[in-house]
2 protein chains.
Amino acid sequence: MSTTVAKALTLLDQFSEDTPEVGLSDLARRTGLDKATVHRMMSVLADAGLVEQRGAARLYRLGPGVLRLARVREKSFPVTAIFQPALDSLASKTGETAHASLISGRALATIDVCESNRSSRVSLVAGEVLPFHTTASGMAALAFAYPELRERTLSSSLSAKTAHTVTDVKLLRQRLEEVAASGFAESDQGNEEDVYGIAVPVFYADGFASGSIAVATPAHRMTPDLRQTIICALIREAEKVTFNVGGTVPASYRNAAARSLASFAKMPG
Amino acid sequence: MSTTVAKALTLLDQFSEDTPEVGLSDLARRTGLDKATVHRMMSVLADAGLVEQRGAARLYRLGPGVLRLARVREKSFPVTAIFQPALDSLASKTGETAHASLISGRALATIDVCESNRSSRVSLVAGEVLPFHTTASGMAALAFAYPELRERTLSSSLSAKTAHTVTDVKLLRQRLEEVAASGFAESDQGNEEDVYGIAVPVFYADGFASGSIAVATPAHRMTPDLRQTIICALIREAEKVTFNVGGTVPASYRNAAARSLASFAKMPG
DNA sequence: CTTCCGTGGTTCATTATTATCACCGGCGGT
DNA sequence: ACCGCCGGTGATAATAATGAACCACGGAAG
């Protein structure tokens, strides 16, 4: 984080679907950078087309440049187009909100969402950069990601987002091992109050996780039955998605997932 | 261009649909930066998720971060979703390839394309950052853009891309005045050999151009009839698009477009 | 097998860039 | 008129970027 470009790029992280437009002072406050610094950096970002300044309020917002970049990536390596149908299927099967996230540098980026059509549903604020350790999506991805990323994450600052957030490194490591053994991750209100998340990893061609797909439900609604339905659906969809993006399911995960599915089959109901 | 962030951002411009993956030395060569510098910058960009390095070849490609950013922008300010149907309509009406570009900092970013279904058609390399002065899209946008952008562009280095490219500032200024008077821009092989482009501007709420929509045809196929068809269709579609993005058509353009349409009506055929 | 050239990646002293702070003009509420 | 906050600016002190040299590797050619 000491390099100037890194600081400049944190400015981009300040924009989300919640706050698509941000002012200069606000950016400075959020990032802890000096106003002048932010101003100069934003001018540069605007020059590159990554942000633009429109309207009388002089607020900044993301610029057309990001559309171009996304287009280039999606054209040469389509993923959102592959994830979306899987999420639609998940949402209709489970009746809950499904979303997909990709490992994006040292964090997790939510790239696709399909909200359920229930009256009471989890409506997630997509577009935010999510930490690994507070979300089921993050834990699922991290458990099967490059070991170096796992270590770097565990040895970074792990802030709590709710009263339920696990921040203890030893406990997190244990949780990751459980995820690795079961093939799926769960988060009971670790990232947001009243949200229960379940996630499974999706893989790259090299057999390491590229991201994850997840289903989020209101915590009070979670039942063993629903839980089982969600996990089974996730495992099945994830396999398809991994295949469609040209990924390889590693043996470790394949075994873990099979074990979990088998254990459900034995249970009554 | 002297700031380090600007240099780092030029690295992102090296990725296009043509070359979605680039190596380290290649990036250094293209940008004129030192290998070590590029490596450090790419590491930072990768940390932010804007690029990623996959596969044994260690090539860099755009990362999931750009998907997130595009999603955020598109959710709060949908434009590609608005441009696309207009382009589809243009392509079917004219039988030629249509595309939309937005002013992205000090250049033009192509964000949407609809190729015609003809056997011989202009197949454009989208995703590239286009200069203003070589393309019809660029001239259409520039003629109605903020004066400061126009001046800055005209006083920058204007390199030629084909033998037909106009690089003389005085002549370009004259062309821009013609565009302002007629409401549309034409480029006869100024950006690419054998490509004839016609474009009209699209506007922001403040009455300045946000970008343009254009139709590109093989130069040899262009006829007065086709030209008229294209221009009329463009003007009509552009008005709709401007309205749909919440933009305002300035009086100057409205008059110019009306004049052009009227002049065609008077003509035989 | 050796040589050569091209990768990607790293190091570190030199140097140029960047952050900081106080300041400015403008706007809106009190 | 005042106050606070906004976006934006400029000179100086402090920091971060630079780039040549270097390493290890891999493939092609001699």
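Since the structure is predicted, the reported quantities are computational estimates derived from the model, not experimental observations. Throughout, a chain's letter reflects where its sequence line sits, starting with A, and its residues are numbered from 1.
Proximity of B/Arg58 to the phosphate of C/dT7: no side-chain N or O atom is located under 4.0 Å from OP1 or OP2. For the OP1/OP2 pair of C/dT7 and a distance below 4.0 Å, the side-chain nitrogens and oxygens of B/Tyr60 include no atom meeting the criterion.
Here A/Ala107 pairs with A/Val129 under the side chain to side chain contact (heavy atoms under 4.5 Å, CB included) rule; sequence neighbours left out. Residues passing the ring pair (Phe, Tyr, Trp, His ring centres under 6.0 Å) test with A/Tyr146 are A/Phe208, sequence neighbours excluded. Listed by chain and residue number, B/Glu239, B/Val249 satisfy the side chain to side chain contact (heavy atoms under 4.5 Å, CB included) test with B/Arg254 (two or more places apart in sequence, or in another chain). Listed by chain and residue number, B/His99 satisfy the side-chain hydrogen bond (donor to acceptor under 3.5 Å, both in side chains) test with B/Ser137 (two or more places apart in sequence, or in another chain). Contacts of A/Arg29 classified as side-chain hydrogen bond (donor to acceptor under 3.5 Å, both in side chains), with partners at least two apart in sequence or in another chain: A/Asp26. Remark: A/Phe144 pairs with A/Phe203, A/Tyr253 by the ring pair (Phe, Tyr, Trp, His ring centres under 6.0 Å) rule, at least two apart or across chains. For A/Glu193, the side chain to side chain contact (heavy atoms under 4.5 Å, CB included) criterion is met by A/Thr162, A/His164, A/Gln189, not counting sequence neighbours. Residues satisfying the side chain to side chain contact (heavy atoms under 4.5 Å, CB included) test with A/Ala160, not counting sequence neighbours, are A/Thr165, A/Thr167.
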### Query
Checking side-chain contact (heavy atoms from CB on, under 4.5 Å) for the pair B/Leu69/A/Phe15: CA distance, chi angles, key distance, verdict?
CA-CA 8 Å; B/Leu69 294 175; A/Phe15 297 90; 5.7 Å; no

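Protein chain B touches strand DNA chain D; the 5'-most and 3'-most nucleotides with an atom under 4.0 angstrom of its non-hydrogen atoms are D/dA17 to D/dA20.
Among residue pairs with one or both ends in residues 135-148 of chain A, none qualify as salt bridge (charged side-chain N to carboxylate O under 4.0 Å, His left out); sequence neighbours excluded.
Here C/dG8 presents its C1' atom at 12 Å from CE of B/Met42, a figure rounded to the nearest Å. Following rounding to the nearest Å, B/His39 (NE2) and C/dG8 (P) show an atom-to-atom distance of 10 Å.
Axis angle, first five pairs versus last five pairs of the helix from C/dC1-D/dG30 to C/dT30-D/dA1: 40°, rounded to 10°.
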## Note on the structure
In B/S/- notation (B base, S sugar-phosphate only, - none; protein heavy atoms under 4.0 Å), nucleotides 19-30 of chain C written 5' to 3' is BBB---------

